[in-house]
Amino acid sequence: MIFESKLSHIEVPNVNVADYVLSECKRLSSADHRVFVDSATDEYVTVDQLIAYTKRFAVALRSKCGIRAGDVVATFANNSIYYPFVAYGIVAAGATCSPANASYTPHELAHQLSNSRCKVIIVGDGLRSTVEQALQLVDHKVGHILMLDESRIGCEDSIFEFMDSMNNTIEKEDDPFSSGQPEDFAVAPAYLCYSSGTTGKPKGVVLTHRNMIANAMQINQLKKLDVETTMCQEYETYLGLAPFCHAYGLSYVMHSSVSLGGCIVVMRRYSFDAFLKVVQEYKITFGYLVPPIVCALSKDPRVDSYDLSSMHTVLSGGAALSPTLIEMTEQRLPGVRVIQGYGMSEMSPAMTMLSTRHRNLKSIGILLPNSQAKVVDTQGNELGVCEPGELCFKGPNVMLKYLDNPTATRNIFDENGFLQTGDIGYIDEAGFFYITDRKKEIIKFKGFQVAPSELEGLLAEHPDIEDAAVMAVYDDNQATEIPKGYFVLKKQSDNRNAVDDNARGQAVVEWLHERVAKFKRLRGGFSIIENIPRSPAGKVIRNSLRNMDHISSQG
Ligand code: ATP
Ligand code: MG
């Protein structure tokens, strides 16, 4: 059975995505509207500045670096108020923006730089040496390295100097938006994102202008329903915390929120205290968050010292969030509704989303407009309502392909063009979607399937647990995979009566075992570790977790 979106159809224009986002923003706001505000310094970029910087940077890339349609320009920076015009400028120039994760090691960055064959790289604060080390590791030359870091202003490699020599008044024929692109925007790549590689080496995900515009419009469509029912405000103050280098930050924050005329308060780096302070001081109304932060909101005592009453909605995405944590958060912050979005980089990324009007604690949302879904069993047969299987999607936001990887591209699409997500879930009669686990991470204990995310969700509810993950280890004696827990314990405030960590871990295990079927028990024991390695979106990086086993282990 094929499930169709119940939301009304949208017309996706055939234009440059930067042009789309900026003209919508301009249409909905005044010239001096502050689109991006720096939460640490109060500096800001207005809509007119944003448009001018974007154009100037696009023209400079073309005239000084010879950048043409199809060329790749990489960004390697933490969030800042200047990041967006860099990304918009690259795509406005007709080139492809390949954002690299700012926490990459030289090895990880080297892979992206050479795989994408990027010609220019724009580098943020404190990251230059990583780029230089990365370039030594691979046989790939980058034409220009430009620094986004404000402390480089006045230096030759500063992006601001690079743009400054461009005349403020750009000739009509130089206008990046008005010069038509040879390729059709439906197939012309705008972004080349690399998935965070929690389950394998990152692949380049080719997202076209049309993919990205469609996704911003799909998200906006659902949000507008909330405005109509006055559950949301027309102009929101968003938190710019989700990393701009990930499809999540790109699509929801840099595209959707900007095209709705919102104000985005940018956080360069995350700490829970800084986050709370920013919400209070800037009266954030809408927060795009990830599960670990929602978890902290529900439990951390520091929350009580701040006034977070401006915030009416928290949208969590990137990884699973348990209904109990949602309830705990809403009880603690009565003005806040917690909703979820689901997607993957390959879908630009949003595919299903809840709205404050379409509420369901256990669900990851309803299907966004212009798209179709199906659930299939292991043989690829279509399943019906409430029957769990692999979720597959089709829509204008679904990627074109993986870069230079026809095999991987062939493998992810089925013969009818549906993208096979590797996520296990089902769809109910009302059209709500549910994820029960990730195919690639299911633990097989003897014949039984154990879903790590289910155990992780439960563990996160325990008062002694700061963060937790569950992963398969292999038991040679029984010749089967068994689940093992990785716990980050809350610091104990009272040192005199501190309980031994191993005893606390053991108590957590016993607590969990009272709540789950026998086959789901943590037969692999547990390790107490300092922190769970997570991708920026909050997903457990299982390869790294495996290497942390030596620290402390209870079999
Ligand atoms: P992966 O290891 O799956 O390749 P990635 O590093 O490529 O991850 P993404 O593309 O952002 O990063 O990950 C997409 C995956 O994140 C989805 O396939 C799904 O498993 C998970 N996910 C995203 N949102 C949710 C959600 N709301 N609930 C549960 N899982 C989610
Ligand atoms: Mg992936």
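Read the numbers this way: they start at 1 and go in the same order the structure lists the ligands and their atoms. Side chains are part of it too, since the values below use all heavy atoms of this structure and drop only hydrogens, waters and symmetry mates.
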Task: pair Arg523-Val473: side-chain heavy atoms closer than 4.5 Å - done: no
Open item on the list: For ligand 1, which is the ligand I care about here, please tell me if Ser345 has any N or O atom under 3.5 Å from one of the ligand's N or O atoms.
Closed with: yes
Task: Which of the ligand 1 atoms, numbered from 1, are nearer than 4.0 Å to a heavy atom of Asp423 - done: 17 (C), 18 (O), 19 (C), 20 (O)
TODO: Show which atoms of ligand 1 fall inside a sub-4.0 Å distance from at least one heavy-atom site of Ala320.
DONE: 28 (N), 29 (C), 30 (N)
Task: Contact check, side chains of Phe286 and Ser257, non-hydrogen atoms, under 4.5 Å - done: no
TODO: Would you kindly specify which portion of Ala247 sits under 4.0 Å from ligand 1, judged on non-hydrogen atoms: side chain, backbone, both or neither?
DONE: neither
- [ ] May I ask whether Gly341 has any heavy atom positioned less than 4.0 angstrom from an atom of ligand 1?
- [x] yes
TODO: Check ligand 1 against Gln340 and write out every atom of the ligand that is under 4.0 Å from a heavy-atom position of the residue.
DONE: 26 (C), 27 (N), 28 (N)
Open item on the list: Quick test of your reading of the structure: of Glu346, Arg438, Met344, Met347, whose heavy atom lies closest to atom 14 (C) of ligand 1?
Closed with: Met344
Task: Arg542, His246, Lys203: member with heavy atom nearest to atom 11 (O) of ligand 1 - done: His246
Open item on the list: Between ligand 1 and Tyr342, is the shortest N or O to N or O distance under 3.5 Å?
Closed with: no
Open item on the list: Less than 4.5 Å apart, side chain to side chain, heavy atoms only: is that true for Leu260 and Glu236?
Closed with: no
Task: Side-chain donor-acceptor pair present, Tyr20, Ser259, cut-off under 3.5 Å - done: no
Task: ligand 1 to Gly318 polar contact by distance, N or O atoms, under 3.5 Å - done: yes
Open item on the list: For Lys362, is the NZ atom crowded, meaning more than 12 foreign heavy atoms sit under 6.0 Å from it?
Closed with: no
Task: Contact summary for Lys539 and Gly318, nearest pair of heavy atoms - done: CE-O, 3.1 Å
Task: Within-shell test, Ala319 vs ligand 1, heavy atom, strictly < 4.0 Å - done: yes
TODO: Answer yes or no: does an N/O atom from Leu321 fall short of 3.5 Å to an N/O atom of ligand 1?
DONE: no
TODO: Determine, using ring centers only, whether Phe272 and Phe275 are less than 6.0 Å apart.
DONE: yes
- [ ] Examine Lys539 against ligand 1 and note whether any of their N/O atoms are separated by less than 3.5 Å.
- [x] yes
Open item on the list: Could you check whether Asn101 and Tyr194, counting side-chain N and O atoms only, form a donor-acceptor pair closer than 3.5 Å?
Closed with: no
Open item on the list: Between Asp226 and Thr356, is there a side-chain donor-acceptor contact under 3.5 Å, judged purely by atom types and distance?
Closed with: yes
